[in-house]
Amino acid sequence: MYGFVSSVLAEKGRHVYTIERSATVADAVRQMNEKGIGALLVVESGRPVGIFTERDVLRRVVDAGRDPASTHVAEVMTREPVTISPDWHVEEAMELMTSHRFRHLPVIEDGNLVGMISIGDLMRWVTIHQEDHIRQMTDYITGRIA
Ligand code: AMP
């Protein structure tokens, strides 16, 4: 009903914010705050090796008493993140996020990183399409269209 992940990416763009695994948590937090995002894909020599999100800052850094300035992203990231491909249905991506209790999914096509979607992107997408659907139904019911 809500189409494919490729359509969501076409609207939001394919840029993915990344950070080197050797960077510090302080660097990562600064980048997330500057960009207004909640997750960074962690790379090593350009190759994705993990994901680091604001939840990791809370659980694995602050609550664990680690120093953000001396902790490396590699120590507190999640290795080998779950990924999807652009031909997944939006509903499938939402179901995957819900069942795993995470809010970010890197999108891979033919072995290449082509985007990152968050639960916020999907909620926005679904809301817009629900509004369209309601408008069409209203037009139909009130006879504004044949
Ligand atoms: P989030 O809800 O996305 O902030 O992430 C919650 C936890 O799941 C954090 O430990 C993240 O590192 C981890 N995480 C986020 N996205 C993924 C993913 N696509 N695959 C595996 N783990 C993830």
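Along the sequence shown, the residues carry numbers beginning at 1. In listed order, ligands and their atoms are each counted from 1.
Residues Phe52 and Val76 are in side-chain contact: their nearest non-hydrogen atoms beyond the backbone lie under 4.5 Å apart. At a threshold of 4.5 Å between non-hydrogen side-chain atoms, the residues Asp56 and Thr78 count as touching.
Of all protein heavy atoms, the one closest to atom 13 (C) of ligand 1 is Thr78 OG1, 3.6 Å. Regarding atom 5 (O) of ligand 1, its nearest protein heavy-atom neighbour is Thr53 OG1, 3.4 Å. Protein heavy atom at the shortest distance from atom 10 (O) of ligand 1 is Asp56 OD1, 2.4 Å. For atom 20 (N) of ligand 1, the nearest non-hydrogen atom of the protein is Val82 N, 2.8 Å. Of the protein's non-hydrogen atoms, the one nearest atom 15 (C) of ligand 1 is Phe102 CB, 3.5 Å.
Under the 4.5 Å side-chain heavy-atom criterion for grouping Ile, Leu, Val, Met, Phe, Trp and Tyr, Val82 is connected to Ile84 within one hydrophobic cluster. A continuous path of Ile, Leu, Val, Met, Phe, Trp and Tyr side chains, each step under 4.5 Å between heavy atoms, connects Met77 with Val61, placing both in one hydrophobic cluster. Cluster membership check: Met97 shares its hydrophobic cluster with Val8, using side-chain heavy-atom separations under 4.5 Å among Ile, Leu, Val, Met, Phe, Trp and Tyr.
Nearest to atom 2 (O) of ligand 1 by heavy-atom distance, out of Met116, Arg103, Arg55, Arg79, is Arg103.
Other residues, nucleotides and ligands contribute more than 12 heavy atoms inside 6.0 Å of the CE atom of Met1.
Under a 4.0 angstrom heavy-atom cut-off, Glu80 registers as lying outside contact with ligand 1.
The N/O atoms of His104, backbone and side chain alike, include one that comes under 3.5 Å of an N/O atom in ligand 1.
Ring orientation note: the planes of Tyr17 and His15 are nearly perpendicular, at an angle over 60° on the 30°/60° scale.
Only the side chain of Arg60 comes within 4.0 Å of ligand 1, counting heavy atoms alone; its backbone N, CA, C and O stay farther away. Residue Pro106 touches ligand 1 through its side chain alone, judged by heavy-atom distances below 4.0 Å.
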